[in-house]
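Quick note on labels: first sequence line is chain A, next is B, and so on, each numbered from 1.
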2 protein chains.
Amino acid sequence: MLSKKCKYAIHALVHMAKEPEKKFLIKDISEACNIPKKFLEAILLELKRAGVLGSKQGKGGGYFLRSNPAEVNLADVVRMFDGAIALVSCATHKFYEPCAECEDEATCAIHHAFVEIRNSTVDLLSGDTIEGLAKRELKMKAKKKAKA
Amino acid sequence: MLSKKCKYAIHALVHMAKEPEKKFLIKDISEACNIPKKFLEAILLELKRAGVLGSKQGKGGGYFLRSNPAEVNLADVVRMFDGAIALVSCATHKFYEPCAECEDEATCAIHHAFVEIRNSTVDLLSGDTIEGLAKRELKMKAKKKAKA
DNA sequence: CTGAAACTCTATATAATCAATAGGCTTTGA
DNA sequence: TCAAAGCCTATTGATTATATAGAGTTTCAG
């Protein structure tokens, strides 16, 4: 399971990607996404340090998207907050560590099984950009409203 | 990432599935798979309570497979030790809980994205039986030995 | 019938991590 | 100059992960 931090980050980013030009106050994102304000503060700061967000201090300040929302995908965000995407450390690319208990990875069937799962998960996560998710969500909400 | 407990369980089960009729001592599995003995003890007990393994106490005792190894798959084992397979609680079948911060799951793009990922992961994990993994591993080891 | 082999069970220790909050500091603009 | 807003460090409390200790129980061999 993802950490709450990571899930909150995704919610915040998708929220911002709905109005990619807008400048957001921490407080407003916090209320819109139901994320504890102080916790969100730390999250946005990390996203800023990673270059995904920019910010402006002082009166009239706020956070805004710095990266192109079409190029920020869930694989990036998950790696940033929760580290490896794979279910075992020997099956990751970016955070590889051999399993202490495994004698020969090359002939370990478990290793091979989890590499496959990793690949499929990474493919799906990489395909989900915050722009795509934001647009999809706006459409779904519009459709639901039309029905009601 | 999987807990060590879960990974150890998988290793132990695949090891046993290589000789599905055999009775194993905790100590032997522990040494063969490089798993701390006392920790493994607790794991095997859980697997027994779940019906996957059987055991015989006393001298000449040991653990053995009770379930058909062709019917024990990684999805089962992961759920048993680590709970939900999905990355967010609102995307699971067996351990469903709504996300506290989410106002409307039906129109939440994040929810939909993670349901897809869950489905793909569950499909792959369900396809990996301990019998299949054990056979695959035996083949790989034989091939490697032939080359050397 | 006894003793060693082997699994069973409960409890505990330690460390790590997660989630959240506190509280001051700095920058900015009217 | 002061209030708005982000920046930063530290800390707390709860939970979970990993592992171990140690006593209890069952079984078989001789």
- Message: Does either side chain, that of B/Lys141 or that of A/Thr107, offer a donor lying less than 3.5 Å from an acceptor on the other one?
- Response: yes

- Which nucleotide, D/dC28, C/dA6, C/dC9, lies nearest any side-chain atom of B/Leu25? C/dA6

- Would you please say whether a donor-acceptor pair under 3.5 Å links the side chains of A/Asn73 and A/Thr129? no

- Item | Given DNA chain C, 5'-ward residue of the pair B/Gly62 and A/Ser3, judged by closest heavy atom | B/Gly62

- Heavy-atom pair with the smallest gap, counting every atom of B/Ala12 and B/Ile29: CB-CG2, 3.9 Å

- Taking the six-membered ring for Trp and the single ring otherwise, decide whether the centroids of A/Tyr8 and A/Phe39 are under 6.0 Å apart. yes

- Message: What contact category does B/Lys48 fall into here, base, sugar-phosphate, or nothing, at under 4.0 angstrom with non-hydrogen atoms?
- Response: sugar-phosphate

- Item | Residue A/Glu41, side-chain heavy atoms: nucleotide from D/dC8, C/dC7, D/dT20 that is nearest | D/dC8

- Message: Pick the closest DNA chain D nucleotide for A/Ile26 and for B/Phe39 by heavy atoms, then say which residue is nearer the 5' end.
- Response: A/Ile26

- Task: Would you tell me if any nitrogen or oxygen in the side chain of B/Lys59 comes within less than 4.0 Å of OP1 or OP2 on C/dG3?
- Result: no

- In terms of side-chain heavy atoms of B/Tyr63, which of C/dT8, D/dC7, D/dA19 is nearest? C/dT8

- Evaluate the side-chain contact (heavy atoms from CB on, under 4.5 Å) criterion for residues A/Leu13 and A/Leu65: first the C-alpha distance (whole Å), next the side-chain angles of each, then the deciding distance (0.1 Å), finally the verdict. CA-CA 8 Å; A/Leu13 286 170; A/Leu65 284 167; 4.2 Å; yes

- Note on the structure: Taking for A/Gly61 and for A/Lys38 the nucleotide of DNA chain D with the nearest heavy atom, the one nearer the 5' end belongs to A/Gly61

- Query: To the nearest angstrom, how far is B/Lys27 atom NZ from C/dA4 atom P?
  - Reply: 17 Å

- Message: Tell me the interatomic distance from B/Asp28, atom CG, to C/dA6, atom C1', rounded to whole angstroms.
- Response: 11 Å

- Query: In whole angstrom, what separates A/Asn34's CG from C/dA19's C1'?
  - Reply: 16 Å

- Please report, rounded to the nearest Å, how far the P atom of C/dC18 is from the CG atom of A/Leu2. 12 Å

- Task: Return the value, rounded to whole Å, for the distance between atom CE of A/Met1 and atom P of D/dT15.
- Result: 16 Å

- Run the salt-bridge test on B/Glu46 and B/Arg49 with the 4.0 Å N-O cut-off and return the result as yes or no. no

- Short side-chain N/O contact to D/dC28 OP1/OP2 from B/Lys56, under 4.0 Å: yes

- Query: How long is the line joining NZ of A/Lys23 and C1' of D/dG6, in whole Å?
  - Reply: 12 Å

- Once you round it to whole Å, what is the distance between P of D/dA5 and CG of A/Leu40? 15 Å

- Task: May I ask you to verify if any side-chain N or O of B/Tyr8 is less than 4.0 angstrom from the OP1 or OP2 atom of D/dA19?
- Result: yes

- Query: The side chain of A/Pro36 lies closest to which of these nucleotides: C/dT21, D/dT18, D/dG22?
  - Reply: C/dT21

- Message: Rounded to whole Å, how long is the line connecting atom CD of A/Glu46 with atom C1' of C/dC18?
- Response: 13 Å

- Message: Can you tell me if B/Arg49 touches the phosphate of C/dC9, counting only side-chain N or O atoms and a distance under 4.0 Å to OP1 or OP2?
- Response: yes

- Task: Would you mind telling me which of D/dC7, C/dT21, C/dC7 lies closest to the side-chain atoms of A/Gln57?
- Result: D/dC7

- According to a strict under-4.0 Å criterion, is B/Ser55 in side-chain N/O contact with OP1 or OP2 of C/dA6? no

- Task: Indicate, with a heavy-atom threshold strictly under 4.0 Å, whether B/Phe81 touches base, sugar-phosphate, or nothing.
- Result: nothing

